Amino acid sequence: MDLFVVIALLVIVSAVFSYLNARFIKLPGTIGIVLLATITSITILIVDKIDSSIADYLGTLAKNINFSKAVLNVLLGFLLFSSSFNLDGRKLKREMRPVFVLSTLGVIISTAVFGCLLFYVAPFFHIHMPLIYCLLFGALISPTDPVAVAAIIRNSKLPANLETIISGESLFNDGIGLILFVIILEVARVGEEKIELAKVVVLIVKEIIGGIVAGVILGYVAHRLMRSVKDFQTIVLISLALVMGLSVLAVLLDFSIPLSVVTAGLFAGSQSINQDNKERSHEALEKFWKLVDEILNTILFVMIGLQLVNLPFVNNYWVTGSLSIVTVLIARWLSIMLPLTFLRHTLKVNYSNINIMTWAGLRGAISIALALSLPNTPYRHLILSGSYFIVIFSVIVQGLTLNRMINSASKKIEE
């Protein structure tokens, strides 16, 4: 199946699911799409037991998509740029302390807690995985997904400061999560004794510093170019070239796509490209990127659901999935609670918001893409199935009940 046919089928399926949700189911967009795609994939798996030829035909689309590369190297750049470009820079500046702590220290704590808990608790359920692979699982599942978070909290009743903290954290913590993932994967591959500290330091510096510097420089250049013209078509093309250029450079030079694109988006979005009071280029560009975000969100979550077709082990791994869900929620809660306890005077975040921040920390496509990128080991299926269970639970269950938790917390505060 050639590339155009795959893209065409993907857009058609996305349009059908989006219509069914908007016309009949009427759930929030992302949740409805994931639910429909998941039901479709499970139906295909059931049909496979009756007539494998039908299931093979229906699953052709999913099997022709390299999900990991499509997410990490293509879609991620566009979606992160859109989220960061439309984020209020002034609000982010006010909440920068908790955002920074949660997106760095929080991810490290969550990875450690998740890995250790899984390592010691899993054997009680006859699941055996070495500690290094439990930590690897923790590294890929700990960062909250900016795409899933943005899609869900857009329609939530979160207080403005919490919305900024959760959105900002999700934008920045992917860079830290990816670096942790690469380091732990390398340790798992060569062993603790053979890992070189110098290489780890170079990797961290290249990923973080390289990504941020590239984002600032190209973001500044693109902003100056957009500001120098009034033709909106040219402005849109420059913004698209910025995202694509950063994504290609990041792959070629081995620096962080998330950090570079987020930095460029924040830089370009926080400074208006309007040349006078009558011109509205910046506002129009914001609307353009919101539209791109919504369309790609729909396609991405259809891809997540359809990838279940490639997982014949779903029926056998429900214990792993259930245990992973509980473990990641505990790790998320502690990764917020511990920094707030020891840095409460610096962060100035209310303890009553911890449960909301825990429940709003959604996981999505990035975790699945990283799990799919794992080499073939005896533990790959355990990690992959656990990631799918967490993501589906995260988007559908946490997404549907987030507003209920917010309302419940608000009533307790009023009482």
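Nothing here was measured: the structure is a model prediction, and the numbers come from that model. What you see below is based on every heavy atom in this structure, not just the backbone, and it leaves out hydrogens, waters and symmetry mates. The residues of the chain are indexed from 1 along the displayed sequence.
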Which one of His282, Glu283, Arg280 satisfies the side-chain hydrogen bond (donor to acceptor under 3.5 Å, both in side chains) criterion with Asn274?
Glu283
Identify which one of Leu334, Leu323, Thr327 satisfies the side chain to side chain contact (heavy atoms under 4.5 Å, CB included) criterion when paired with Leu117.
Thr327
Output, in order, the C-alpha distance, side-chain angles, deciding distance and verdict of side-chain contact (heavy atoms from CB on, under 4.5 Å) for Leu76 and Val261.
CA-CA 9 Å; Leu76 185 59; Val261 174; over 6 Å; no
Less than 4.5 Å apart, any side-chain heavy atom of Ser324 and any of Val328?
no
Rounded to the nearest 0.5 angstrom, the CG-CD distance for Asp88 and Glu95 is 11.0 Å
Validation row: Leu240, Trp289 side chains within 4.5 angstrom (heavy atoms):
yes
Under a 3.5 Å distance rule, please check whether Asp145 uses its side chain to pair with a backbone N or O of Leu362 as donor and acceptor.
no
Using a 3.5 Å distance criterion without hydrogens, assess whether the side chain of Thr38 forms a donor-acceptor pair with backbone atoms of Gly305.
no
Are side-chain heavy atoms of Leu249 and Leu218 found at a separation under 4.5 Å?
yes
Is there side-chain contact between Leu92 and Phe172, with heavy atoms separated by less than 4.5 Å?
yes
Spacing of Asn355 atom CG and Trp359 atom CH2 [to the nearest 0.5 Å]
10.0 Å
Apply side-chain contact (heavy atoms from CB on, under 4.5 Å) to residues Phe255 and Val213 and explain how you reach the verdict.
CA-CA 10 Å; Phe255 59 74; Val213 169; over 6 Å; no
Could you give the distance from OG (Ser387) to CD1 (Ile392), rounded to the nearest 0.5 Å?
11.0 Å
Report the C-alpha separation of Leu158 and Ile356 in whole Å, then their side-chain angles, then the decisive distance to 0.1 Å, and conclude whether the side-chain contact (heavy atoms from CB on, under 4.5 Å) test is met.
CA-CA 9 Å; Leu158 275 172; Ile356 295 175; 3.5 Å; yes
Distance check, rounded to the nearest 0.5 Å: Asn353 atom CG versus Thr358 atom OG1?
10.5 Å
For a quick check under 3.5 Å, do Thr30 and Asn297 share a side-chain donor-acceptor pair by atom type?
no
How would you list all residue pairs meeting ring pair (Phe, Tyr, Trp, His ring centres under 6.0 Å) that involve residues 125-157, not counting sequence neighbours?
Phe114-Phe137, Tyr133-Tyr379
Determine whether a donor-acceptor pair (N or O, by modelled atom type, separation under 3.5 Å) exists between the side chain of Ser394 and the backbone of Arg363.
yes
Checking the side chain of Ser110 only, and the main-chain atoms of Ser335 only, is there a donor and an acceptor separated by less than 3.5 Å?
no
Please confirm whether the backbone N or O of Pro143 pairs with a side-chain atom of Asp174, one donor and one acceptor, at under 3.5 Å?
no
Shortest non-hydrogen pair, Ala250 vs Ile257, comes out as CB-CG1, 3.2 Å
Mind listing the closest non-hydrogen atom pair of Val302 and Ser14 along with its distance?
CG2-OG, 3.6 Å
Donor-acceptor contact below 3.5 Å, side chain Arg90 vs main chain Ser270
no
Closest heavy-atom pair and its distance - Val113, Ala331
CG1-CA, 3.8 Å
Check whether any side-chain N or O of Ser239 sits under 3.5 Å from a backbone N or O of Val236 as a donor-acceptor pair, and report yes or no.
yes
Evaluate Ile383 against Met129 for side-chain contact (heavy atoms from CB on, under 4.5 Å), listing each step before the verdict.
CA-CA 10 Å; Ile383 295 173; Met129 197 186 309; 4.1 Å; yes
Could you tell me whether a side-chain N or O of Asn86 sits under 3.5 Å from a main-chain N or O of Ser82, the two making a donor and an acceptor?
yes
Are any non-hydrogen side-chain atoms of Glu186 and Leu203 less than 4.5 angstrom apart?
no
Side chains of Thr104 and Ile108, heavy atoms from C-beta outward: is any pair under 4.5 Å?
no
What closest approach, in Å, do Glu207 and Asp254 show between heavy atoms, and which atom pair accounts for it?
OE2-O, 3.7 Å
Using a 4.5 Å cut-off on heavy atoms from C-beta on, say whether the side chain of Leu242 contacts that of Phe81.
yes
Would you check if the side chain of Ser170 reaches a backbone N or O of Ser167 as a donor-acceptor pair within less than 3.5 Å?
yes
Hey, does the side chain of Ser18 reach the backbone of Ala15 with a donor-acceptor pair shorter than 3.5 angstrom?
no
Are the side chains of Leu178 and Pro258 in contact, using a 4.5 Å heavy-atom criterion?
yes
Where do Ile152 and Gly399 come nearest, in terms of heavy atoms and distance?
CG2-CA, 3.8 Å
Crowded around Phe100 CZ? As in, over 12 foreign heavy atoms under 6.0 Å?
no
Once you round to the nearest 0.5 Å, how far does CD of Gln398 lie from CE of Met405?
8.5 Å
How far does CG of Leu382 sit from CG of Leu374, to the nearest 0.5 angstrom?
11.5 Å
Give me the atom names and distance for the closest heavy-atom approach of Leu131 to Gly115.
CD1-O, 4.0 Å
Sequence-distant partners of His223, ring-ring contact (aromatic ring centres under 6.0 Å, His included), two or more places apart
none
